Structure formats: structure tokens, C-alpha cells
Undergrad: 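Just passing along the structure, written as C-alpha cells.
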Amino acid sequence: MELNQKARVRFAPSPTGALHIGGAHTALFNWLWARHTGGTFILRIEDTDRERSTAEYEQTIMDGLRWMGLDWDEGPDKGGPRGPYRQTERMDDYINIANSLVDAGKAYRDGDAVFFRVPRGEQVAFEDAIYGAINVASEKASVNTDGSVKDIVMIKSDGMPTYNYAVVIDDHAMDITTVIRGEDHIANTPKQILIYRALGWTPPHFAHLPMILGSDKKKLSKRHGATSVFEYNDMGYLPESVFNFLALLGWTPGDDLEIFDRELAVGKFELSKVTRKPAVFDMKKLDYVNQEHLKSMRPDDRLKAIEPFWRDMKLPVDKYPAKYLEESLTLMGGRGKTTKELAEFSDYFLDFDAVKSRYTAEDITPERRAALKKFFASALDRLQPEEWRAPRLEEFAREWCETGGASLKEIAMPMRFALSGRKVSPGVFEIAELLGREECKTRLKHFDFA
RNA sequence: GGUCCCAUCGUCUAGUGGCCCAGGACAUCGCCCUUUCAAGGCGGCGGCACGGGUUCGAAUCCCGUUGGGACCGCCA
């Protein structure tokens with residue numbers, strides 16, 4: 001199979017809902033194949049379901065694709081040489097071609113509908129780029145529940161074309177070289193091939209992708225929680241993580257490589273290396289992939305990703321220089337699996353009120369407090385702003401503990417709580433340095449530690 | 001019920017007849033590091049669904065069984 005030339009592929013959602021995970025997966029693989037072959041990625045809107053299709057959903061789907069970083073070359077919004085890219089705008093073709101099939105005796109009218117006469121005794125065979133050879137007898141291509149042959153509806157009573165018919169007209173009109181779609185369409189393929197044959201057209205190549213399952217091994221659906229890609233954004237997953245994770249469902253770039261960017265995926269992608277087994281969507285792995293991307297991001301990009309969450313939390317982002325904010329996030333290291341968590345875990349760098357609201361120092365006994373006051377008063381007295389550096393602070397604390405027979409922990413933990421209000425944080429001395437001597441003094445005094 | 005498809009650790013996968021008494025990653029467990037928690041390092045647990053063939057040799061090829069999935073709408 002000559003799958004190595006420039007591909008013309010398409011993602012063809014129906015605008016009846018937001019871009020969900022399954023659709024994003026299909027779009028992603030189409031995009032990868034187009035970019036890998038230096039071909040064309042087309043967006044086509046299948047809006048023949050008048051009842052459920054809306055312009056809003058069409059917009060949402062486009063936004064979802066953009067969020068994922070999947071740009072298309074031809075589509076309803078930007079046009080292209082093989083348009084229109086919205087099915088409701090190709091009505092003449094559907095009607096004319098259906099009429100020609102009726103004239104040729106290959107289809108017939110029944111009321112306002114047009115049916116395609118399913119031929120008997122033919123063999124429908126195609127070579128799926130992923131599943132391999134698939135063979136079906138023509139009379140089995142379209143059947144009723146009882147197994148009897150059922151002619152294929154081409155034009156519905158409302159005058160609109162059906163999916164199985166329109167998709168053939170469109171893919172041919174758009175000169176699609178390879179149809180890449182979910183495995184649930186394998187059973188539709190023979191019907192479509194029968195129509196290609198009746199029209200005397202050569203069918204494109206087909207490549208069916210394994211389904212994405214929920215943890216219960218059932219096709220992913222609303223029951224499994226978040227379905228729209230935007231919900232993942234809201235939960236704190238980076239688009240590059242969702243891209244990376246979804247690419248891993250049914251494919252690997254090889255060499256045990258699991259964390260990668262779009263560019264690498266484009267370079268290594270091969271349709272022939274896609275798996276056939278349905279894949280379970282594992283949030284834990286998504287968490288891991290997200291964390292890795294979060295760790296390897298450039299500080300300024302990381303800040304851009306976190307900022308919206310800080311703003312949602314009503315934190316005074318604008319009070320601080322970008323450099324300070326970037327450093328606070330760098331200090332967070334590998335803490336937090338999502339941007340949302342990272343934003344929450346780092347709130348004390350922007351707002352002392354957050355600290356006060358969750359820590360009261362009630363756990364400190366009078367004796368401990370007296371000891372802490374001695375230490376911090378001494379530290380504040382001896383270390384001036386320019387000396388307020390993590391190594392110096394730590395050295396100072398260690399010496400104090402050594403001479404006083406205390407453990408570093410006895411100072412570090414209360415200090416951690418006073419500065420961050422959390423028992424989990426980066427190193428306290430690093431936090432102290434970034435916060436600065438004055439801010440530390442304010443916080444320590446508030447808890448009567450200095 | 002019919003048609004089609006699938007089958008390697010709990011999960012994602014590597015593996016296309018010998019390099020595999022099966023490799024990696026996530027999860028999980030333990031140890032180390034350590035001012036906390038992450039991160040990081042090291043190690044443990046854990047799988048070729050089953051039965052027949054073919055072959056000198058099978059996770060890899062064939063057949064059957066079992067299990068799972070998709071589809072069978074004038075939805076797409």
C-alpha cells in the first residue's frame with residue numbers, strides 16, 4: 001500500500017456536542033498523518049442531522065481542535081479548493097448523484113426517500129491500513145436485525161443525505177486519500193464501498209483506529225466523567241499533555257519514548273504502527289504525562305499556564321513581577337500533577353491571607369513558641385536583606401540547632417507553616433529567600449514567632 | 001441472534017520464528033536521599049487467555065475453544 005505519499009485526510013465531526021476525547025483522538029491521528037506525510041488536514045462538518053446540529057457546537061469543536069494544537073488546512077471557516085466543507089452546503093451533489101443512481105436503476109425512490117439497492121452475490125473486500133484484510137459478502141453489508149438484506153437509505157424523507165451516503169460523496173469530492181476514523185466505522189465501510197462501486201469510483205484507503213475505553217472497558221462516554229477536551233483544560237491538564245497522552249493510545253514512537261512533543265510525534269508517526277487493541281483511558285497515566293510536561297516547560301510558559309488558575313483563585317497576580325512568579329513556580333519543582341494543583345499549592349507566594357486562613361499556630365506550645373521567638377529574632381537581627389539567602393539561612397539554622405541541641409525539623413516545620421500555611425512545600429529556606437526578609441518578618445510576627 | 005474485529009503484567013505498550021524461562025512506562029510495595037512533601041535513585045510484585053497443531057525451535061504461523069468489543073437507525 002502506498003501510504004507514503006502526501007496524504008489528504010479529514011476529520012469529520014457532526015456538530016452535536018463538544019469535541020470529546022474519542023473525537024480528539026481521531027482528529028489527532030488524522031493530523032499526525034497529514035503532517036507526517038506533508039499532506040493536507042481537512043475539517044469537514046457533517047451537519048445533516050438538522051435536529052441536533054448547531055453553529056455553537058461547530059465553534060466549540062473548532063476551539064477544541066485549536067486548543068489541542070491541531071490546525072487544519074481546509075475547512076468551513078477557511079475554505080479550500082475542494083469545498084464546501086459543510087455537508088448542508090453540498091445538497092445539490094447529494095441530490096443529483098442520487099438521481100443518477102436512480103436513473104441507472106441502482107437506487108429507487110420510496111416516498112420522499114431514496115434507497116440504494118444492495119447487490120447480491122458480490123464480495124466486498126478492503127485492505128485496512130491498521131486492521132488488514134477485511135471481507136464481507138455484499139448481502140451482509142447492510143442487514144436488518146433478523147439478518148435479512150436491507151437496502152441502504154441514501155436520502156432521508158426530510159431530503160437530507162444519510163451519513164453512509166454523504167460520506168462517500170464528500171470523501172470523493174474532497175479527494176481524500178485515506179479515511180482515518182474510529183473502529184466503530186469498520187462495519188459501515190462495506191456499505192460505502194458498495195456505493196463507490198455503483199458510482200464507478202475508486203474508494204480511498206481506510207485506516208480504522210482502536211476505540212478508547214473507560215476503566216470498565218466500555219466505550220468511553222459521559223458516564224466516565226469528563227468528555228469534552230475543555231474539561232481537561234479546566235482540570236489543569238496542558239494541551240500538550242492531552243496530545244501526548246492521546247497519541248500514546250494505540251501508538252508509540254518507539255525506543256521506549258513516552259514523553260514527547262508534537263514535532264517529535266509528527267516525525268515518527270506511522271499508520272502501520274498503530275495498534276488494533278482498544279485502549280483503556282487511564283487518568284493516572286495522564287497525570288504522569290502532565291506532570292512531566294509541567295516539569296520540562298520553560299518558566300515563562302509555565303507561568304502562562306498557571307496564571308489563569310491563580311486569577312480564578314482571586315490571587316493578586318498583577319502585584320508581582322513575572323520573574324518573581326516564575327521563580328516561585330520553579331521552586332515548586334515536581335510538586336503538583338496539574339496546573340490547577342500547582343496554582344493551589346503555590347498560593348502563599350502571592351497572598352499571605354491564604355496562609356492565615358488555614359494556619360493558626362494553635363499547635364505550638366508556649367515553650368516551643370519561646371524557643372522559636374529566640375531563634376527568629378536572632379535570625380532577623382543577624383541576617384540583613386542581602387544575607388537573606390537560602391544557603392545562609394540554612395547554615396544559620398543548623399548552627400543554632402547544633403549549639404542548642406535541637407533538631408532542624410523543630411525550626412523548619414513551624415517556619416514552613418508560618419510562611420506557607422502548608423505542611424508540604426519546597427525547602428523552607430528557599431521559600432524564605434524568595435519571599436524576602438521583610439515578608440518573612442511580617443509572617444513570622446503574625447504568628448508571634450518573632 | 002447475525003456480521004466483523006480483538007486477545008502480552010491491574011493499565012498503556014515493545015515484541016513480527018531463535019537475541020524473550022518476555023523489555024519499558026504508569027499504578028502499587030519496599031529501600032535510599034531528606035527540614036516536609038514531591039521529584040530523583042535503587043529494588044520487589046506482576047503478563048504471552050486455554051487447547052491442539054506446524055517447526056529442530058513459537059508470545060510470534062495455522063485451527064479450535066473461551067473471553068471481550070464494535071456494528072446491525074430515514075444518528076453520525
Side-chain angles (χ1 to χ4, degrees), chain A residues 12-17 23 46-53 87 110-115 128 130-132 134-137 139-148 150 152-167 181-191 208 210-211 213 215 217-219 245 248-252 254-259 273 275-289 291-292 295 332-337 341 345 394 397-398 401 407-417 420 422-430:
Chain A
S14 61
T16 54
E46 308 210 331
D47 56 352
T48 54
D49 183 339
R50 310 293 287 271
E51 304 285 300
R52 301 190 300 146
S53 300
Q87 291 186 324
D110 183 355
D112 293 327
V114 179
F115 286 77
D128 191 280
I130 294 165
Y131 283 85
I134 293 179
N135 282 281
V136 183
E139 42 274 285
K140 297 290 183 187
S142 177
V143 295
N144 292 296
T145 319
D146 65 6
S148 59
K150 184 187 183 193
I152 300 166
V153 179
M154 291 168 47
I155 303 291
K156 300 184 270 183
S157 297
D158 68 356
M160 299 300 283
T162 57
Y163 165 76
N164 278 121
Y165 170 59
V167 80
R181 77 236 297 195
E183 187 245 56
D184 47 344
H185 284 296
I186 283 188
N188 283 323
T189 310
K191 299 175 194 168
H208 289 90
M211 297 274 87
L213 277 24
S215 46
K217 306 253 185 159
K218 291 273 195 295
K219 191 172 166 182
F245 176 71
L248 244 20
L249 257 30
W251 178 71
T252 17
D255 300 324
D256 292 330
L257 188 62
E258 296 206 289
I259 302 301
K273 282 175 63 189
T275 324
R276 282 166 286 273
K277 205 183 77 174
V280 173
F281 187 95
D282 180 10
M283 277 293 233
K284 289 276 179 52
K285 183 96 179 206
L286 209 212
D287 280 342
Y288 164 74
V289 172
Q291 188 171 35
E292 290 303 307
K295 280 196 292 189
M332 293 303 290
R335 273 157 280 245
K337 297 187 186 307
E341 278 187 356
F345 295 172
E394 181 169 347
R398 283 188 189 282
C401 290
S407 70
L408 187 59
K409 195 171 180 171
E410 288 173 296
I411 283 178
M413 277 320 280
M415 184 173 174
R416 185 188 313 285
F417 271 109
S420 71
R422 297 186 183 281
K423 73 169 186 287
V424 172
S425 81
V428 251
F429 303 112
E430 278 74 22

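Letters A, B, ... mirror the listed sequences (proteins, then strands); counts begin at 1. Not measured: the values here are computed from a predicted model.
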Undergrad: Among B/G40, B/U35, B/C6, which is the nearest nucleotide to the side chain of A/K409?
TA: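 Given the options B/G40, B/U35, B/C6, the side chain of A/K409 is closest to B/U35.
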Undergrad: At less than 4.0 Å, is any side-chain N or O atom of A/K140 found next to OP1 or OP2 of B/C71? Yes or no.
TA: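 Checking A/K140 against B/C71: no side-chain N or O falls below 4.0 Å of OP1 or OP2.
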Undergrad: Looking only at the side chain of A/Y163 (C-beta and beyond, no hydrogens), which of the listed nucleotides B/A76, B/G40, B/U35 gets closest?
TA: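 When the side chain of A/Y163 is considered, B/A76 is the closest of B/A76, B/G40, B/U35.
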Undergrad: Distances under 3.5 Å only, N/O to N/O: pair up the protein atoms with those of nucleotides 22-26 of chain B.
TA:
residue : atom : partner : partner atom : Å
B/A25   : O4'  : A/E258  : OE1          : 3.0
B/A25   : O2'  : A/E258  : OE1          : 2.4
B/A25   : O2'  : A/K285  : NZ           : 3.2
B/A25   : N3   : A/K285  : NZ           : 3.3

Undergrad: Please give the nucleotide sitting opposite B/A7 as a Watson-Crick or G-U wobble pair, both distances under 3.5 Å, or none.
TA: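 Check on B/A7: paired to B/U66, both distances under 3.5 Å.
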Undergrad: Please pick, from B/U35, B/C74, B/C72, the nucleotide with the shortest atom-to-atom distance to any side-chain atom of A/L408.
TA: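 Comparing B/U35, B/C74, B/C72 against the side chain of A/L408, the answer is B/U35.
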Undergrad: Using only side-chain N and O atoms of A/S425, determine if any of them is under 4.0 Å from OP1 or OP2 of B/C37.
TA: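 No, A/S425 has no side-chain N/O under 4.0 Å of OP1/OP2 on B/C37.
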Undergrad: Pick the nucleotide of RNA chain B nearest each of A/Y131 and A/K219; which residue has the one closer to the 5' end?
TA: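 The residue closer to the strand's 5' end, by nearest nucleotide, is A/Y131.
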Undergrad: To check you understand the geometry: which heavy-atom pair defines the closest contact between A/V424 and A/R416, and what is its length?
TA: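 Between these two residues, the closest heavy atoms are N-CD, 4.3 Å.
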Undergrad: With sugar-phosphate meaning primed atoms plus P, OP1 and OP2, does A/H185 contact a base, only sugar-phosphate, or nothing at under 4.0 Å between heavy atoms?
TA: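 Since a base atom lies under 4.0 Å of A/H185, the category is base.
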Undergrad: Report the C-alpha distance between A/D146 and A/S148 in whole Å, list the side-chain angles of each, state the deciding distance to 0.1 Å, and finish with yes or no for side chain to side chain donor-acceptor pair (under 3.5 Å).
TA: CA-CA 6 Å; A/D146 65 6; A/S148 59; 2.7 Å; yes
Undergrad: Taking the side chain of A/N188 as heavy atoms from C-beta outward, which of B/A14, B/A76, B/C12 is closest to it?
TA: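 Out of B/A14, B/A76, B/C12, the nucleotide with an atom closest to A/N188's side chain is B/A76.
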Undergrad: Roughly how many Å apart are B/C72 and B/U13, using the P atom of each and rounding to a whole number?
TA: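 The same atom, P, in both gives a distance of 25 Å.
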Undergrad: Can you confirm if the aromatic rings of A/F281 and A/F245 lie within a centre distance of less than 6.0 Å?
TA: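 A/F245 vs A/F281: aromatic centres under 6.0 Å.
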Undergrad: When you compare B/U35 with B/G47, how far apart are their P atoms, in angstrom units rounded to a whole number?
TA: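 Between the two P atoms, the distance is 39 Å.
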Undergrad: Between A/D112 and A/I155, what is the shortest heavy-atom contact and its length?
TA: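 Reported closest heavy-atom pair: O-CG2, 4.4 Å.
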Undergrad: Mind checking A/D255 for me? I need base, sugar-phosphate or nothing, with any heavy atom below 4.0 Å counting as a touch.
TA: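 Nothing, no nucleic acid heavy atom in range.
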Undergrad: Just to be sure I understand the rule, does A/P426 reach a base, reach only the sugar-phosphate, or reach nothing, if contact means heavy atoms closer than 4.0 Å?
TA: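 Counting heavy atoms under 4.0 Å across all strands, the contact made by A/P426 includes a base.
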Undergrad: Rounded to whole angstrom, note down the P distance from B/G43 over to B/C37.
TA: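 Roughly 23 Å separates the two P atoms.
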Undergrad: Reckon A/G182 touches a base, only the sugar-phosphate, or nothing at all at heavy-atom distances under 4.0 Å?
TA: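 Nothing: the residue A/G182, judged by heavy atoms under 4.0 Å, touches no strand.
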Undergrad: Over all heavy atoms of both residues, which pair between A/A12 and A/E46 is shortest? Give the atoms and the distance, please.
TA: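 Answer, listing the atom of A/A12 first, then A/E46: CB-OE2, 3.3 Å.
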Undergrad: Among B/A14, B/C74, B/C6, which nucleotide has an atom closest to any side-chain atom of A/T162?
TA: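 Of B/A14, B/C74, B/C6, B/C74 is nearest to the side chain of A/T162.
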Undergrad: By the 4.0 Å heavy-atom rule, please label A/S142 as base, sugar-phosphate, or nothing.
TA: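 Touches nothing.
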Undergrad: B/C5 and B/C63: how far apart are their P atoms, nearest whole angstrom?
TA: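 Here B/C5 and B/C63 have their P atoms 12 Å from each other.
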Undergrad: Look at the side chain of A/M413 and decide which nucleotide, out of B/C74, B/C71, B/U36, has an atom nearest to it.
TA: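 Between B/C74, B/C71, B/U36, the one nearest the side chain of A/M413 would be B/U36.
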Undergrad: Taking the nucleotide of RNA chain B with the nearest heavy atom to each, does A/D158 or A/I134 sit closer to the 5' end?
TA: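 The residue mapped nearer the 5' terminus is A/I134.
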Undergrad: In the strands shown, is B/G1 matched to any nucleotide by a Watson-Crick or G-U wobble pair with both distances under 3.5 Å, and which?
TA: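 B/G1 is paired, partner B/C72.
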Undergrad: Below 4.0 angstrom from OP1 or OP2 of B/A38, is there any side-chain N or O of A/K337?
TA: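 No, A/K337 has no side-chain N/O under 4.0 Å of OP1/OP2 on B/A38.
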Undergrad: At under 4.0 Å, does any side-chain N or O of A/T48 touch on OP1 or OP2 of B/A76?
TA: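 True: A/T48 side-chain N/O within range (under 4.0 Å) of B/A76 OP1/OP2.
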Undergrad: With respect to the side chain of A/V424, which nucleotide from B/C37, B/C74, B/U35 is positioned closest?
TA: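 Of B/C37, B/C74, B/U35, B/C37 is nearest to the side chain of A/V424.
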Undergrad: Closest approach to the side chain of A/V136, judged atom by atom: which nucleotide of B/C74, B/C4, B/A38 is it?
TA: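 Nucleotide nearest to A/V136's side chain: B/C4.
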Undergrad: Output the rounded distance in Å from CZ (A/R276) to C1' (B/C4).
TA: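 Rounded to whole Å, this separation is 15 Å.
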Undergrad: How would you label the contact of A/V428 with the nucleic acid (heavy atoms, under 4.0 Å): base, sugar-phosphate, or nothing?
TA: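 A/V428: base contact, heavy atoms under 4.0 Å.
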Undergrad: Between P on B/C12 and CG on A/L257, what's the gap in Å once rounded to a whole number?
TA: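 In whole Å, B/C12 P and A/L257 CG are 19 Å from each other.
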Undergrad: Mind checking if A/G333 touches a base, just sugar-phosphate, or nothing, with heavy atoms under 4.0 Å?
TA: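 Counting heavy atoms under 4.0 Å across all strands, no contact is made by A/G333.
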Undergrad: Can you tell me the pairing partner of B/C37 across any strand shown, Watson-Crick or G-U wobble, with both distances under 3.5 angstrom?
TA: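 Partner of B/C37: none found under 3.5 Å.
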Undergrad: Return yes if the base of B/C37 and the side-chain atoms of A/R335 contain a donor-acceptor N/O pair under 3.5 Å, otherwise no.
TA: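 Checked by distance alone, the answer is yes.
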Undergrad: Looking at B/G18, which nucleotide sits across from it as a Watson-Crick or G-U wobble partner, both distances under 3.5 angstrom, or is there none?
TA: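 Per the H-bond distance test, B/C56.
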Undergrad: Below 3.5 Å is the cut-off: list the nitrogen or oxygen pairs between protein and nucleotides 66-68 of chain B, distance only.
TA:
none

Undergrad: The side chain of A/K277 lies closest to which of these nucleotides: B/C71, B/A7, B/G73?
TA: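 Of B/C71, B/A7, B/G73, B/A7 is nearest to the side chain of A/K277.
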Undergrad: Classify A/A412 by what it touches in the nucleic acid, base, sugar-phosphate, or nothing, heavy-atom distance under 4.0 Å.
TA: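 Base contact.
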Undergrad: Looking at A/R416, does any N or O in its side chain come under 4.0 Å of the phosphate oxygens OP1/OP2 on B/C37?
TA: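 Looking at the OP1 and OP2 atoms of B/C37, neither is under 4.0 Å from any side-chain N or O of A/R416.
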Undergrad: Which part of the nucleic acid does A/F345 contact within heavy-atom distance under 4.0 Å: base, sugar-phosphate only, or nothing?
TA: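 The answer is nothing, as A/F345 stays clear of every strand by at least 4.0 Å.
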Undergrad: Would you classify A/T145 as touching base, sugar-phosphate or nothing, given that sugar-phosphate means primed atoms plus P, OP1 and OP2, and contacts are heavy atoms under 4.0 Å?
TA: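 Counting heavy atoms under 4.0 Å across all strands, the contact made by A/T145 includes a base.
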